[in-house]
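Each remark here refers to the structure printed beneath this line.
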Protein chains: 2
Amino acid sequence: MAERSAPSRERIVAGAADMISRRGLSATSIREMAKHAKAPLGSTYHYFPEGKQQLATEAVRYTGEWVARSLRKELESGPVEGLRAFLALWRKIVVESDFHAGCPVLAVAIEEPPADEIPPAVAAAAAVFAQWEALLAASLREHGTEAEQAAQLATLVVAAVEGTVAMCRAKRSAQPLDDTAEQLQALIAGAIKH
Amino acid sequence: MAERSAPSRERIVAGAADMISRRGLSATSIREMAKHAKAPLGSTYHYFPEGKQQLATEAVRYTGEWVARSLRKELESGPVEGLRAFLALWRKIVVESDFHAGCPVLAVAIEEPPADEIPPAVAAAAAVFAQWEALLAASLREHGTEAEQAAQLATLVVAAVEGTVAMCRAKRSAQPLDDTAEQLQALIAGAIKH
DNA sequence: CTCTGGCTATAACAGCCGTCATAGTCTAGC
DNA sequence: GCTAGACTATGACGGCTGTTATAGCCAGAG
């Protein structure tokens with residue numbers, strides 16, 4: 001039975017997420033993902049029969065759920081605390097990777113559909129963004145922010161953080177993240193105290 | 001003399017910027033860029049002897065200058081007008097490409113340096129972001145915003161728009177751009193009236 | 001007219017890509 | 001102990017990658 005093999009599968013997904021967040025999807029080969037996870041190439045196609053697209057999709061969802069978990073927990077202390085944790089999480093990734101890593105969800109979102117059909121990985125990226133926004137917006141509403149305002153703010157926060165993470169990598173500096181952090185925190189604090 | 005050949009060179013750069021904004025840098029081959037610009041492959045290496053990196057660098061700078069020109073012009077009517085134009089510019093690109101195209105600068109920024117050296121294209125992306133921020137920040141200061149606040153707001157605007165453009169592509173909707181537009185416009189309007 | 005030099009055309013190179021097929025290994029359940 | 005099925009090892013496939021080299025074209029200068 002596939003019992004003790006689950007760690008192997010998860011290792012591949014986690015490793016794929018990391019590599020995609022650094023090099024982008026199309027610059028990351030399945031062979032490299034396998035090697036990075038110390039798994040044989042054959043195993044990748046055993047666990048992910050639909051190939052690279054499936055692996056990318058699972059990597060996106062994996063990251064999405066991981067971030068959402070942290071977000072959910074910290075939002076219990078209110079939107080300001082949640083935002084701070086969200087910012088800190090990405091700051092840690094960017095700085096500790098020496099500006100090599102970013103967000104795999106953004107990396108996958110930046111891929112043109114070959115035809116007119118949207119690849120599942122891109123759809124998964126959209127769902128992850130929506131999930132993060134929903135968590136933030138719900139917390140804002142619970143703290144007195146009007147619904148539409150809460151939704152718009154949540155979108156702004158997620159998009160701004162994603163953009164800032166990319167910007168930090170290009171500039172090889174965490175300054176942009178600290179700057180937007182200050183602005184966003186003031187904005188959120190002002191939106192809930194009413 | 002290289003006189004009438006300039007259009008060909010520029011066509012390659014502009015085409016490269018467009019393709020990179022859609023598929024990302026590493027998913028865009030030099031052969032495809034040449035074909036897209038109706039130029040022979042040999043010409044690419046004639047005009048850009050340093051290869052793909054040089055072409056990517058010039059594509060980033062080309063886009064940067066093109067946007068900066070529009071930004072400079074519209075900022076003459078004040079930060080609010082400038083922001084509106086900035087948002088409208090990207091909205092047009094995203095919508096008119098049916099959510100296929102985005103920002104080539106962001107696409108290039110999301111590329112891990114192979115070693116510890118930063119590729120010139122990534123450095124160019126950082127410079128372009130800094131340029132856009134500088135234009136916005138200067139306009140804000142001219143309208144009474146305190147210097148540090150102006151710089152932070154400029155960073156937030158550029159990063160938020162970049163992130164939102166990517167988000168719109170994933171969601172295949174312009175809604176996120178309209179949402180952040182509303183929030184950013186309120187923020188900027190509030191920052192200049194003192 | 002000749003000739004020069006910017007540009008093009010063509011082919012080749014080594015190497016990696018995603019994917020698939022097949023045969024082999026090992027373990028868990030009977 | 002044996003068998004089934006999950007996993008691994010290996011190798012191949014056609015195709016595309018960045019890059020380079022070389023020979024050819026063709027307008028414009030002298």
Side-chain angles (χ1 to χ4, degrees), chain A residues 1-17 19-20 22-60 107-108 111-115 117 119-122, chain B residues 1-17 19-20 22-60 107-108 111-115 117 119-122:
Chain A
M1 277 299 160
E3 192 74 54
R4 277 286 83 194
S5 70
S8 179
R9 207 194 117 106
E10 186 174 335
R11 236 187 320 130
I12 296 176
V13 173
M19 296 192 77
I20 291 171
R22 293 170 186 264
R23 324 218 262 226
L25 177 53
S26 57
T28 307
S29 76
I30 293 200
R31 282 170 174 83
E32 285 172 321
M33 297 195 234
K35 183 179 291 185
H36 183 269
K38 290 189 200 333
L41 174 61
S43 297
T44 358
Y45 282 92
H46 175 77
Y47 290 122
F48 314 96
E50 287 163 56
K52 197 178 187 180
Q53 269 296 323
Q54 185 184 358
L55 188 38
T57 305
E58 298 215 18
V60 165
V108 167
E111 300 270 331
E112 181 178 58
E117 292 305 308
V122 174
Chain B
M1 277 297 162
E3 192 74 53
R4 277 287 82 192
S5 69
S8 178
R9 208 194 118 107
E10 187 173 335
R11 235 187 323 133
I12 296 176
V13 174
M19 296 192 76
I20 292 171
R22 294 169 185 265
R23 325 218 261 226
L25 177 53
S26 56
T28 306
S29 76
I30 293 201
R31 275 173 245 261
E32 284 173 320
M33 297 195 234
K35 182 179 292 184
H36 183 270
K38 292 188 200 328
L41 173 61
S43 297
T44 332
Y45 282 94
H46 175 77
Y47 291 122
F48 313 96
E50 286 163 56
K52 196 177 187 180
Q53 269 297 321
Q54 185 184 357
L55 188 38
T57 305
E58 299 214 17
V60 166
V108 166
E111 298 271 328
E112 180 178 57
E117 291 305 307
V122 174

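Convention: sequence-line order gives letters A, B, ...; per-chain numbering from 1. Hydrogens, waters and symmetry mates are skipped; everything else that's a heavy atom, side chains included, is used. This one's a predicted model, so the numbers in the text were calculated from it and none came from an experiment.
In plain terms, the two heavy atoms of B/Val108 and B/Val122 that are nearest each other are O-CG2, 3.8 Å. When every heavy atom of A/Tyr45 is checked against every heavy atom of A/Gly51, the shortest pair comes out as CE2-CA, 3.8 Å.
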Checklist entry - side chain to side chain contact (heavy atoms under 4.5 Å, CB included) between A/Thr44 and A/Met33: does it pass, once the steps are laid out? => result CA-CA 9 Å; A/Thr44 358; A/Met33 297 195 234; 5.5 Å; no
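The stretch residues 32-40 of chain A touches DNA chain C through A/Glu32, each having a heavy atom under 4.0 angstrom from the strand. Using a 4.0 Å cutoff on non-hydrogen atoms, no part of residues 22-30 of chain B comes near DNA chain C.
Within the structure, every pair that satisfies the salt bridge (charged side-chain N to carboxylate O under 4.0 Å, His left out) test and touches residues 35-60 of chain B, not counting sequence neighbours, is listed here: B/Arg9-B/Glu58.
Side chain of A/His46, nearest nucleotide from C/dG18, D/dT19, D/dC7: D/dC7.
Between A/Tyr45 atom OH and D/dC7 atom C1' there is a gap of 17 Å when expressed in whole angstrom units. Atoms CG (B/Leu55) and C1' (D/dG18) sit 12 Å apart, rounded to a whole Å.
Partners of B/Ala27 by side-chain contact (heavy atoms from CB on, under 4.5 Å), not counting sequence neighbours, listed by chain and number: A/Ser26, B/Arg23. Not counting sequence neighbours, the partners of B/Pro120 by the side-chain contact (heavy atoms from CB on, under 4.5 Å) test are B/Gln53, B/Thr57.
Note: A/Ile30 CD1 to A/Phe48 CZ = 9.5 Å, rounded to the nearest 0.5 Å.
Judged by distance alone, with hydrogens and angles left aside, the side-chain atoms of A/Ser43 form no donor-acceptor pair with the main-chain N or O of A/His46 at under 3.5 Å.
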